[in-house]
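Just the heavy atoms: all of them, side chains too, but no hydrogens, waters or symmetry mates, feed the values below. Residue numbering restarts at 1 for every chain, and letters A, B, ... go by the order of the sequence lines.
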Protein chains: 2
Amino acid sequence: MKLEEEIKQSKFETERQKAILNVIYTANWIGSIQHKIFKKYKLTSPQYNVLRILRGKFPDPLTVSSIQERMLDKMSNASRLVDKLVEKGYAERSTCMYDRRQVDVVITSAGQKLLKEIEPELLDFHNAEMVLTEQDAAAVNEALDKIRG
Amino acid sequence: MKLEEEIKQSKFETERQKAILNVIYTANWIGSIQHKIFKKYKLTSPQYNVLRILRGKFPDPLTVSSIQERMLDKMSNASRLVDKLVEKGYAERSTCMYDRRQVDVVITSAGQKLLKEIEPELLDFHNAEMVLTEQDAAAVNEALDKIRG
DNA sequence: TTTGTTTCTATGTTTAAACATTTAATCGAC
DNA sequence: GTCGATTAAATGTTTAAACATAGAAACAAA
């Protein structure tokens, strides 16, 4: 559906201006669908994101600050997100050997199991809802990378 | 900059999967820059969005539910957003004539003045940061509209 | 009119985001 | 070594988001 219809705005001044709103609107749209999936597992979207980051380095640990660097939403508080994951048994914390200011975080096997449960549902959504071909998607990626300079 | 470098992930399984993350990441990126601009005027991004919606109908009023329909983030609470705008003098509320359940909301002249102040700054950002041509932007818009079905 | 149902907005409550500050560890200059 | 500066993570506090629920008005049927 065209953005104009979805937000009931008749026209945009430029395609570039529309693209800005379109990116924000589409991100909200994707986010709200994924949110429903995460909710079944009592996870938030940033928490899921951190789990994926941790799995990407497993079995190596990541410090809180390096998690923050890799997060999609860099404004949110990595320390508190790790807190939640540790509470739920999906991650473990230990003080870093070389620098006692730093904290090493590792995903647990429970965390890995959880990711394996959630992933098929997310893929189903991507496949069912996204009509994009790989070429279209590649064009989007190129353009978005350009937007961010 | 490519998404892989920004979030320090080496590869993606498909372009489509990358496109999902790219949309979310880019929306956060745009949002955080705009947030800095809005902050100078003590507005939040959803509040700015509502003001734009109200101006779009001025001098006609909009009910709270029709504002909600047009909002980019449809999950947030339009009633409380209008509250904040009324507090600040940027909007006015009055009960609807033919249906006393509904509430008519109109942008004030102070609200319109505020929008005129903020807009040039947003346009500066769009022009300075966005390297996209109109054709590129049009392609993004087409693809994002496709993503949402 | 009355009763039940739906619609529109407001409100209550729990949780997280945003932002600043604190505490502890490290580093560098002297 | 000491001192100040810097960095990493945690914590405190204020504000808003998320979600459910309530309350008032409209509507429809008996």
Side-chain angles (χ1 to χ4, degrees), chain A residues 24 27-29 31-50 53-54 61-88 91-106, chain B residues 24 27-29 31-50 53-54 61-88 91-106:
Chain A
I24 294 173
N28 287 337
W29 180 84
S32 73
I33 294 175
Q34 294 193 336
H35 180 246
K36 285 174 196 154
I37 297 173
F38 295 145
K39 198 184 172 185
K40 294 202 290 182
Y41 299 94
K42 297 186 180 169
L43 272 188
T44 64
S45 170
Q47 285 169 15
Y48 172 79
N49 188 229
V50 170
I53 290 167
L54 289 175
L62 274 167
T63 64
V64 173
S65 57
S66 59
I67 291 171
Q68 188 121 30
E69 272 181 3
R70 287 156 212 251
M71 281 167 51
L72 295 178
D73 180 358
K74 302 199 191 292
M75 285 301 96
S76 62
N77 194 329
S79 182
R80 280 205 174 94
L81 285 174
V82 170
D83 256 6
K84 294 286 156 62
L85 293 176
V86 170
E87 272 175 27
K88 291 170 183 168
E92 277 173 354
R93 233 191 309 230
S94 59
T95 56
C96 177
M97 285 172 29
Y98 328 94
D99 186 341
R100 282 188 302 163
R101 289 172 304 179
Q102 296 187 141
V103 169
D104 283 341
V105 185
V106 185
Chain B
I24 294 173
N28 286 338
W29 180 85
S32 73
I33 293 175
Q34 294 193 337
H35 180 248
K36 284 174 197 156
I37 297 174
F38 295 145
K39 198 182 170 187
K40 295 202 289 181
Y41 299 93
K42 297 185 180 170
L43 273 189
T44 64
S45 170
Q47 284 168 15
Y48 173 78
N49 189 228
V50 171
I53 291 167
L54 289 175
L62 274 166
T63 65
V64 173
S65 58
S66 59
I67 292 171
Q68 188 121 28
E69 271 181 5
R70 288 156 210 252
M71 281 169 49
L72 295 178
D73 181 359
K74 303 200 192 290
M75 286 299 97
S76 62
N77 193 328
S79 181
R80 281 206 174 93
L81 284 174
V82 170
D83 256 7
K84 292 288 155 64
L85 293 176
V86 171
E87 273 176 27
K88 291 170 183 168
E92 277 174 354
R93 233 190 313 228
S94 57
T95 56
C96 178
M97 283 169 33
Y98 34 91
D99 186 341
R100 281 188 303 161
R101 290 172 303 180
Q102 296 187 144
V103 170
D104 283 341
V105 185
V106 185

[X] has an atom [atom1]; how far is it from atom [atom2] of [N], in whole Å?
X: B:Q68; N: D:dA17; atom1: CD; atom2: P; result: 12 Å
X: A:K42; N: C:dT14; atom1: NZ; atom2: C1'; result: 15 Å
X: A:I67; N: D:dA9; atom1: CD1; atom2: C1'; result: 11 Å
X: A:L81; N: D:dT11; atom1: CG; atom2: P; result: 14 Å
X: A:L85; N: D:dA9; atom1: CG; atom2: P; result: 15 Å
X: A:K84; N: C:dT15; atom1: NZ; atom2: C1'; result: 7 Å
X: A:M71; N: D:dA9; atom1: CE; atom2: P; result: 13 Å
X: B:E69; N: C:dT7; atom1: CD; atom2: C1'; result: 13 Å

Item to complete: Would you check if the side chain of A:K88 reaches a backbone N or O of A:K42 as a donor-acceptor pair within less than 3.5 Å?
Response: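 Answer holds: yes.
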- What does B:S65 touch in the nucleic acid at a heavy-atom separation under 4.0 angstrom: a base, only the sugar-phosphate, or nothing?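 The residue B:S65 makes sugar-phosphate contact but no base contact.
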* **Close side-chain approach of A:V105 to A:T63, heavy-atom, < 4.5 Å** => no
Working to the nearest 0.5 Å, report the span between [atom1] of [X] and [atom2] of [Y].
X: A:Q34; Y: A:L43; atom1: CD; atom2: CG; value: 12.0 Å
X: B:T44; Y: B:L85; atom1: OG1; atom2: CG; value: 8.0 Å
X: A:D104; Y: A:Y98; atom1: CG; atom2: OH; value: 8.0 Å
X: A:I53; Y: A:Y48; atom1: CD1; atom2: OH; value: 11.0 Å

Point to revise | Check: C:dT11 base within 3.5 Å donor-acceptor of B:N77 side chain | key: yes
Sorted by position of nearest nucleotide on DNA chain C, 5' first, the leading residue of B:R80 and B:T63 is B:T63
Worksheet entry | B:K39 vs B:A78, nearer the 5' end of DNA chain C by closest nucleotide |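 Counting from the 5' end, the first nearest nucleotide belongs to B:A78.
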Testing D:dA9, D:dC19, C:dC19 for proximity to the side chain of A:V64, the answer is D:dA9
For the side chain of B:T44, counting heavy atoms from C-beta on, which of C:dA17, D:dA10, D:dA16 is nearest?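 Shortest atom-to-atom distance from the side chain points to D:dA16.
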Practice problem: Report yes if at least one side-chain N or O of A:S79 is closer than 4.0 Å to OP1 or OP2 of D:dA10; otherwise report no. | Solution: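 Looking at the OP1 and OP2 atoms of D:dA10, one of them is under 4.0 Å from a side-chain N or O of A:S79.
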Strictly below 4.0 Å: does B:H35 bring a side-chain N or O up to OP1 or OP2 of D:dA16?
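It does not, given that no N or O in the side chain of B:H35 lies less than 4.0 Å from OP1 or OP2 of D:dA16.
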side-chain contact (heavy atoms from CB on, under 4.5 Å) with A:L62: of A:R70, A:E69, A:Q68, only one passes, and it is A:R70
Per the under-4.0 Å heavy-atom filter, residues of residues 91-104 of chain A near DNA chain D come out as A:R93, A:R101, A:Q102, A:V103
